[in-house]
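Inspection log for the structure reproduced underneath, given as structure tokens.
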Amino acid sequence: MKSPILASSLLIVDSITTTLLMSSKASTASATLTLRILRKKHWCLLKRVKNMLKKDRLKFNFFLAVPQEGSISKEELQKLLDPAVYKIGCSQAAKNKWVQMGNQISRKVQHVEDRVKDLLLQIQDGQELGKDDNNSLKARKLTALQTWKGYSVKRGPEYAPRRRRTATDLTREHLQGGDWRNIEFKEYNFSAKGPPPESGHLHPLNKVKERIKNIFRLMNFEEMPTNRYVESSFWNFDALFQPQQHPARDSHDTFFLKAPATTKQLPEDYVETVKRVHESGGYGSRGYGYEWKREEANKNLLRTHTTAISSRMLYALAQHAKQQSFTPKKYFSIDRVFRNEAVDRTHLAEFHQIEGLVCDRGLTLGHLIGVLQDFFSRLGMDKLKFKPAYNPYTEPSMEIFSYHEGLKKWVEIGNSGMFRPEMLRPMGFSEDVNVIAWGLSLERPTMILYGINNIRDLFGHKVDLGLIKKNPLCLIGIK
Ligand code: PHE
């Protein structure tokens, strides 16, 4: 079959018309372009043969330079010819017995004819040979059949130089104007993806918080209501047997409120007992021996720890025990606390505190260590170490360290202790009731889990919203 663009008898069109479609309709009738794949088979010389022909031509040119009659001197011939022609000719023309070599060079034959070479040259020029010639050249491994591939691109029946707009909806105007008859409608694409739905994203702190809440729930802890950022100094400090001259209370570490500057309501009986225990002790304690001031306890502040909530909850529990009977409790909370600290890579003036406590009869330091080991191993921290520490409201007190496999060192992860009798007894608990408790920040494990180095990238106005959208699920605490 002959193609208009390829004048060759060997042209084969081996594809059915392929259509390039610009509209979504998959019928040939609506094709804007028609594409045909064309194949042409032709004979070509093998590489080795091409080189051979080149040499042969040099040899032939050498022969032509030798005069038909008489002879020519070597030097003269050398001057006449290209060095390559001369060099090849000297060796090859003599070998073929075309010329007589010596100081004088003369022809031995009048014509050199090589039919095979002529055929090969014809192929090189792109000419067609007869079937027999082609077969014999192929059999002598001089030529090979090659396939040429090409395309013919033509305008299709639906050809339009500019993209045509198809209607996506049938409108009132189409109906009223009657153009619905001629209009081309776009087909529905039922497998097209819709736009991704907009949705909210949980902040990494919220994800880790939820996981830790689940760990507490699995350990049968109840959540304490922490919905009060403003607290009185009484519940934040005094109830925790923290002396009124304690450096943490001064304005460097605590944000005191201007309005309302003081609290209106405190349980008066309990306030009296707290005052007494601060001033002169009781329950085996000597107290601090200073004059306790109510004005100091009344001052409102932003809570510096959620232990303020623990003291409220324990007081309520002790009241309940007095009226009815004592019920052991396991409590936890995760919420914001505020400290007037210099802001740097790892500190902000606020953070989230995780707090857990167990209130029961006959608890010991061994129970505390056991509960801590259980809790932290569920967070993926199996290796723990404890260091004696000081808190005004716990005795003994322990700092908790965990071995960080990534950093290859022990990292401080929390603070803990057994609440002092000076805190528990004024609330109304009997002597045999103990409370073991611990606290840690939510930011620290979150930064470690999400590989965040600067706390300002995690919390506050500089946080990149992209970080919140992209961050993966948090998968701790699945034990
Ligand atoms: N309130 C302590 C803090 O702010 C944490 C803590 C809670 C320590 C309970 C001991 C017991 O770090």
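All ligand and atom numbering here is 1-based and tracks the order in the structure. Since we're looking at a predicted model, the values are computed, not measured. Along the sequence shown, the residues carry numbers beginning at 1.
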Enumerate, one pair per line, all nitrogen or oxygen atoms of ligand 1 lying under 3.5 Å from a protein nitrogen or oxygen, stating the separation to 0.1 Å; write 'none' if no such pair exists.
from: ligand 1; atom 1: 1 (N); to: His305; atom 2: ND1; distance (Å): 3.2
from: ligand 1; atom 1: 1 (N); to: Thr307; atom 2: OG1; distance (Å): 2.7
from: ligand 1; atom 1: 1 (N); to: Tyr393; atom 2: OH; distance (Å): 2.9
from: ligand 1; atom 1: 4 (O); to: Arg339; atom 2: NH2; distance (Å): 2.7
from: ligand 1; atom 1: 4 (O); to: Gln353; atom 2: NE2; distance (Å): 3.0

Exercise. With no hydrogens and no angle check, do the side chains of Thr304 and Asn236 hold a donor and an acceptor under 3.5 Å apart?
Worked result: yes

For this session: Kindly assign one of parallel, tilted or perpendicular to the pair Phe241 and Tyr288, based on the angle between their ring planes and the thresholds 30° and 60°.
Result: parallel

Exercise. What pairs of residues pass the salt bridge (Lys or Arg N to Asp or Glu O under 4.0 Å) test when at least one of them lies in residues 429-442, not counting sequence neighbours?
Worked result: Arg361-Asp432

Exercise. Between Tyr315 and Tyr270, what is the ring plane arrangement, given parallel below 30°, perpendicular above 60°, and tilted in between?
Worked result: parallel

Exercise. Going by an N to O cut-off under 4.0 Å, is there a salt bridge joining Glu231 and Arg312?
Worked result: yes

For this session: Tell me whether the centres of the aromatic rings in Phe216 and Phe221 are closer together than 6.0 Å.
Result: yes

